[in-house]
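Take a look at the structure set out below.
So that the names make sense, note that chain A is the first sequence line, chain B the second, and so on, each numbered from 1. Please read these numbers as outputs of a predicted model, since none were measured by experiment.
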Protein chains: 2
Amino acid sequence: MSPRKSAAEARRTRERIVGRSVAIASVDGLEGLTLGRLAGDLEMSKAGVLGHFGTKEALQLAALTEATAIYTRLVWEPAADLPAGLVRLRAVCEHWVDYLETARDAFPGGCLFTTASVEFDAKRGPLHDAVRRLQLRWRRVLLADLTTAVTKGELPADTDPEQLCFELVGLYLGLNQSIQLFGDARAAARARRALDRLLPPA
Amino acid sequence: MSPRKSAAEARRTRERIVGRSVAIASVDGLEGLTLGRLAGDLEMSKAGVLGHFGTKEALQLAALTEATAIYTRLVWEPAADLPAGLVRLRAVCEHWVDYLETARDAFPGGCLFTTASVEFDAKRGPLHDAVRRLQLRWRRVLLADLTTAVTKGELPADTDPEQLCFELVGLYLGLNQSIQLFGDARAAARARRALDRLLPPA
DNA sequence: CCTACCGATCGGTAGG
DNA sequence: CCTACCGATCGGTAGG
């Protein structure tokens, strides 16, 4: 019998659970998460795992939140202080490619947002809503810098920001597939080449 | 107790099972298929369902095979008699967009290949291998017409067919996301516009 | 293609 | 955070 732990220890345990959940969900999807597997991996009881979240759905949402934090830290924050518009946009997109290439510690099965987006795109419920909201937020961030870049004259005046945003997202999804399904080491270079064409340096 | 049926009836039953499986997998993934749910939907016993395939994995592979047949019929065959190169390539890509827009009867949750590709990209086993092989075949078909188009002078001589193929696949994945996750009715027009840029009419 | 069953595992609860 | 459960469901088998 393990005694009740301090609040700090409980927080650490929670972080361990969430981290492991992100890794599992990256490979098997958020629906592939099970309390039994988590308990086994972390050498705790199922009830011990569940106690931190209450329901499996809350655990899945926590994993999605953690994935967002990782993504923000690796992709967005390093570019946050750059000037709005093309400069920041290009930096974000480059971090994006790096992230897909290298974030395999946290996401051994690839970007959790991409996995979750496909997994829940046709299902209703809180997870669908959360995934949709996160993807929408991300598209809006891209769109804002795209619009600024056009306003500033960094992109041609006849550029359609929504069209370009659509194409950037496609690039990202294609890169994720090339890396994950085919292990294609040249894919990142192709994505960068396509970026150079879509977002020509001013 | 239902008596044993004739071979023709058995075949029809098998087709019903596979068709329903494709629709379910389109929404919930091939791992979301369960014998119990299929049995309920089709008003048969679980053993009756399983008897046609032997194992759940064989049923999943059968669903993937059927999805391939639908895809081939809608996207590839209508363009098969066109001249190789840019003309056929453009026709295939246009069918491709139409398919994502309209094939929601067979695939209520969107393209099963895209779903399955993300679902199994990081898992090992026969389903991973089958998904990978099908995606590879499809990329090779695109690549062949791209190469022919360059040889014929229908695309600029400095075109990199693999680069263009990579970008076309990304377009497709982005379109699937826009339709499925966001229900964006303008996405198909955006995909066509991007196609016009990537594959300019000769 | 059915009934009747198998062991395993699912998410979750009670109580400490 | 644990043990000890719960009913439901999983894939699959035996036998007809």
A/Gly54 or B/Ile17, whichever maps to the more 5' nucleotide of DNA chain C = B/Ile17
ask   = A/Glu43 CD to D/dC1 C1': how many Å, rounded?
value = 14 Å
B/Leu86 backbone acceptor or donor facing B/Glu154 side chain under 3.5 Å = yes
message = Rounded to whole Å, how long is the line connecting atom CZ of A/Phe53 with atom C1' of D/dC1?
response = 13 Å
query = Are any of A/Thr34's side-chain N or O atoms less than 4.0 Å away from OP1 or OP2 of C/dT9?
reply = no
request  = State yes or no: are the ring centers of A/Trp96 and A/Tyr172 separated by less than 6.0 Å?
outcome  = yes
Nearest-Å distance for atom pair CG/P, residues B/Leu30 and D/dG11 = 13 Å
note = Whole-Å distance, A/Leu50 CG to C/dG11 C1', equals 7 Å
ask   = Crowded around A/Arg197 CZ? As in, over 12 foreign heavy atoms under 6.0 Å?
value = yes
request  = Choose from C/dG11, D/dT3, D/dT13 the nucleotide whose nearest atom is closest to any side-chain atom of A/Ala47.
outcome  = D/dT3
request  = Measure the distance from NE2 on A/His52 to P on C/dG11 and round it to the nearest whole Å.
outcome  = 17 Å
Side-chain (B/Thr114) to main-chain (B/Gly110) donor-acceptor, under 3.5 angstrom = no
ask   = C/dC10 C1' sits how many Å from B/Glu31 CD, rounded?
value = 15 Å
task = Using a 4.0 Å heavy-atom cut-off across all strands, classify B/Leu33 as base, sugar-phosphate, or nothing.
result = sugar-phosphate
query = Counting side-chain heavy atoms from C-beta on, which of C/dG12, D/dC2, D/dC10 comes nearest to A/Lys46?
reply = C/dG12
query = Roughly how many Å is it from CZ in B/Arg37 to P in D/dG11, rounded to a whole number?
reply = 12 Å
request  = Using Watson-Crick or G-U wobble geometry with both distances below 3.5 Å, tell me the partner of C/dT9, or none.
outcome  = D/dA8
inquiry  = Tell me which nucleotide, if any, is Watson-Crick or G-U wobble paired with C/dG15 when both distances must be under 3.5 Å.
reply    = D/dC2
message = Pairing donors with acceptors under 3.5 angstrom, does anything connect the side chains of B/Gln177 and A/Ser117?
response = yes
message = Heavy atoms from C-beta onward define the side chain here; which of C/dC2, D/dG12, C/dG11 lies closest to that of A/Lys56?
response = C/dG11
inquiry  = In this structure, how many angstroms lie between the P atom of D/dA4 and the CE atom of A/Met44, rounded?
reply    = 17 Å
inquiry  = Of the listed nucleotides (C/dG11, D/dG12, D/dC2), which one gets closest to any side-chain atom of B/Thr55?
reply    = D/dG12
ask   = NA contact type, B/Gly51, heavy-atom cut-off 4.0 Å: base, sugar-phosphate, or nothing?
value = nothing
